[in-house]
Amino acid sequence: MDRGADSPVVRRLRQWARDEASDLPLPGSGYTDTRWQMLASLSREDTILGRLAEAHADALAVLAELGGPTPRRGQIWGVWAAEPPTPVLEAAQTSNGWTLTGVKPWCSGANVCTDALVTARVGDRSRMFAVDVTQDLCAPIPHTWHAVGMAESDSGHVRFEGARAHPVGEPGAYIDRPGFWHGAIGVASCWFGSACAVADTLHAAARSGADPHAHAHLGAVAAALGAASSALTTAAAEIDSDPTDSDGRGRTRARIVRAIVESAATECLDRVGRALGAAPLCADHQHARRVADLTVYLRQSHAEKDLAALGEDIAEEKNPW
């Protein structure tokens, strides 16, 4: 995918960013559940669409919370905040402002985004910057995204060669702000929407006639997705009642909800496959792509590492339930 690529998903993303994104409530605004339902609906429409729309929505929430350039209608924002040991992106302050130099990995929408919030190293700390990624000093690096699932998320490396940038918040503010954990649940709402789309295939098969085992799988999927939906709704209400996370529950809440939704989506993938066999994976291109995309997208969770971190938090509480 190169700049200006015009696939159906990209066309829909551009239309949404232009005409609908401004209708998305901010986290903690009193309509957080509506926000997550809208993101889930986009992911149910197409997993890649939901992934890129969620990043755009998260970027706008970060800008609202920390300040920075005012977003303009029609822009498509990414949030490029992964920081593996290598490669490294560094920021430097010059007489003409801040510049970014180096390579940033895991840049979803690398060839589609017009702007991005990017974390970079300033000494030994991380700081977030807003960057116009259409400038000549930013360029996606070809052949750095080899995924089959989530292929159209276009999440390869981007090279910065003294690119002009604007700081957003103080060093460390991106992760330290309350909205970081609210945004983490926004990702889970997209997992949920994509899992519902996978489950739709099983539901359609059951309505047209299926054996008792398929109905049993459908019942189990309904229970799992129902639990995930309830967890998202409850979390949204809690965030709206305490948007600044004054009670300090934001991190634990996010980790619990993400674990519940990940488990439900994983069970959905497994049971739909067991119920229907290979046929829809081989004969239904849309379903096969949804399964492949969601399988990769779920790995945005760190699995047992996240559960271990949650367990450490819970162990510090006297009455966790």
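Atom set for the values below is all heavy atoms of this structure, side chains included, hydrogens, waters and symmetry mates excluded.
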Report summary line: Excluding Trp77, membership of its hydrophobic cluster (Ile, Leu, Val, Met, Phe, Trp, Tyr; side-chain heavy atoms within less than 4.5 Å) reads Leu60, Val62, Leu63, Leu66, Val79, Leu117, Met128, Val168, Tyr174, Ile175, Phe180, Trp181
Query - Atom pair OG1 (Thr134) and CG (Asp115), whose distance is rounded to the nearest 0.5 Å - result: 7.0 Å
Requested in this report: Please examine the side chains of Ser7 and Val10, heavy atoms only from C-beta on, and report whether any two atoms are closer than 4.5 Å.
Outcome: yes
**Report entry** Asp245 bridged to Arg251 by N-O distance under 4.0 Å
**Finding:** no
Requested in this report: List the steps, then state whether side chain to side chain contact (heavy atoms under 4.5 Å, CB included) holds for Trp80 with Val131.
Outcome: CA-CA 10 Å; Trp80 301 343; Val131 189; over 6 Å; no
Report task. Determine, using the 4.5 Å side-chain heavy-atom cutoff (strictly less than), whether Val296 and Ile48 are members of one ILVMFWY cluster. Result -> yes
Query raised in the report: Same cluster or not: are Leu298 and Ile256 linked, directly or through other Ile, Leu, Val, Met, Phe, Trp or Tyr residues, by side-chain heavy atoms under 4.5 angstrom apart?
Result: no
Query - Backbone N/O of Gly179 and side chain of Glu65: donor-acceptor pair under 3.5 Å - result: yes
Query raised in the report: How would you list all residue pairs meeting side-chain hydrogen bond (donor to acceptor under 3.5 Å, both in side chains) that involve residues 189-198, not counting sequence neighbours?
Result: Thr47-Ser194
Query raised in the report: Just by distance, do the side chain of Thr114 and the backbone of Gln75 share a donor-acceptor pair under 3.5 Å?
Result: no
Query raised in the report: Roughly how far, to the nearest 0.5 Å, is CG of Asp247 from CG of Asp242?
Result: 4.5 Å
Query raised in the report: Can you name the nearest heavy-atom pair linking Ala64 to Leu26, along with the distance?
Result: CB-CD1, 3.9 Å
Query raised in the report: Minimum heavy-atom separation for Ala82 to Pro105, with atom names?
Result: CB-O, 4.4 Å
Query - Under 3.5 Å: donor-acceptor pair, side chain of His182, backbone of Pro243 - result: yes
**Report entry** Those residues that, when tested against Ser208, pass side-chain hydrogen bond (donor to acceptor under 3.5 Å, both in side chains) (two or more places apart)
**Finding:** none
Query - With Asp46, the salt bridge (charged side-chain N to carboxylate O under 4.0 Å, His left out) member among Arg290, Arg11, Arg289 - result: Arg289
Report task. Decide side chain to side chain contact (heavy atoms under 4.5 Å, CB included) for Glu54 and Leu42; before the verdict, give the C-alpha distance in whole Å, the side-chain angles of both, and the deciding distance to 0.1 Å. Result -> CA-CA 9 Å; Glu54 184 278 325; Leu42 289 166; over 6 Å; no
Report task. Anything under 30° is parallel, anything over 60° is perpendicular, the rest tilted; go ahead and classify Trp106 against Trp145. Result -> perpendicular
Query raised in the report: Do Arg35 side-chain atoms and Pro25 backbone N/O form a donor-acceptor pair below 3.5 Å?
Result: yes
Report summary line: For residues 22-32, the side-chain hydrogen bond (donor to acceptor under 3.5 Å, both in side chains) pairs (sequence neighbours left out) are Thr32-Asp240
Query raised in the report: Which residue pairs satisfy the salt bridge (charged side-chain N to carboxylate O under 4.0 Å, His left out) criterion with at least one member in residues 68-91, sequence neighbours excluded?
Result: Asp19-Arg73, Glu83-Arg121
Requested in this report: Enumerate the residue pairs fulfilling side-chain hydrogen bond (donor to acceptor under 3.5 Å, both in side chains) with a member in residues 253-262, sequence neighbours excluded, ordered by first and then second residue.
Outcome: Glu238-Arg253, Arg255-Asp313, Glu262-Arg299, Glu262-Ser301
Report summary line: Heavy atoms of Val272 and Ala199 approach each other most closely as CG2-CA, 4.2 Å
Requested in this report: Please tell me if the side chains of Leu137 and Thr99 come closer than 4.5 Å, counting only heavy atoms from C-beta onward.
Outcome: no
Requested in this report: Verify whether one side chain among Gln15 and Arg18 offers a donor that lies under 3.5 Å from an acceptor in the other.
Outcome: no
Query raised in the report: CG of Asp293 to CG of Leu49: how many Å apart, nearest 0.5 Å?
Result: 11.5 Å
Requested in this report: Any chance you could pull the hydrophobic cluster mates of Ile141, using side-chain heavy atoms under 4.5 angstrom and chaining through other members?
Outcome: Val103
Requested in this report: For atom CZ of Arg164, decide whether the heavy atoms of other residues, nucleotides or ligands shown that lie under 6.0 angstrom number more than 12.
Outcome: no
Query raised in the report: Does anything in residues 300-309 pair up under salt bridge (charged side-chain N to carboxylate O under 4.0 Å, His left out), and if so which pairs, sequence neighbours excluded?
Result: none
Query raised in the report: Is the backbone of Phe160 close enough, under 3.5 Å, to the side chain of Lys104 for a donor and an acceptor to pair up by distance?
Result: no
Report task. Could you check if a side-chain atom of Met150 sits within less than 4.5 angstrom of a side-chain atom of Thr295, using non-hydrogen atoms only? Result -> no
Report summary line: Looking only at heavy atoms, the pair that brings Ile260 and Ala227 closest together is CG2-O, 4.2 Å
Requested in this report: Run the salt-bridge test on Glu152 and Arg51 with the 4.0 Å N-O cut-off and return the result as yes or no.
Outcome: no
Query - All pairs passing salt bridge (charged side-chain N to carboxylate O under 4.0 Å, His left out) where residues 263-279 contributes a residue, at least two apart - result: Glu267-Arg271, Asp270-Arg274
Requested in this report: Applying side-chain hydrogen bond (donor to acceptor under 3.5 Å, both in side chains), name anything that partners Glu317, two or more places apart in sequence or on another chain.
Outcome: Arg249
Requested in this report: For residues 224-271, pull every pair meeting ring-ring contact (aromatic ring centres under 6.0 Å, His included), keeping only residues two or more places apart or in separate chains.
Outcome: none
Report summary line: Closest heavy-atom pair, Ala236 versus Trp36, reported as atoms and distance to 0.1 Å, is N-CZ3, 3.5 Å
Query raised in the report: Where the side chain of Ser229 meets the backbone of Leu225, is there a donor-acceptor pair that is under 3.5 Å apart?
Result: no
**Report entry** Distance (rounded to the nearest 0.5 Å) between His56 NE2 and Leu39 CG
**Finding:** 10.5 Å
**Report entry** Expected output: side-chain Thr144 to main-chain His157 donor-acceptor under 3.5 Å
**Finding:** yes
Query - Min side-chain heavy-atom separation Gln135-Cys138 under 4.5 Å - result: yes
Query - Pairs meeting criterion salt bridge (charged side-chain N to carboxylate O under 4.0 Å, His left out) with involvement of residues 200-215, two or more places apart - result: Arg44-Asp200
Query raised in the report: Does a side chain donor of either Ser246 or Thr244 reach within less than 3.5 Å of an acceptor in the other side chain?
Result: no
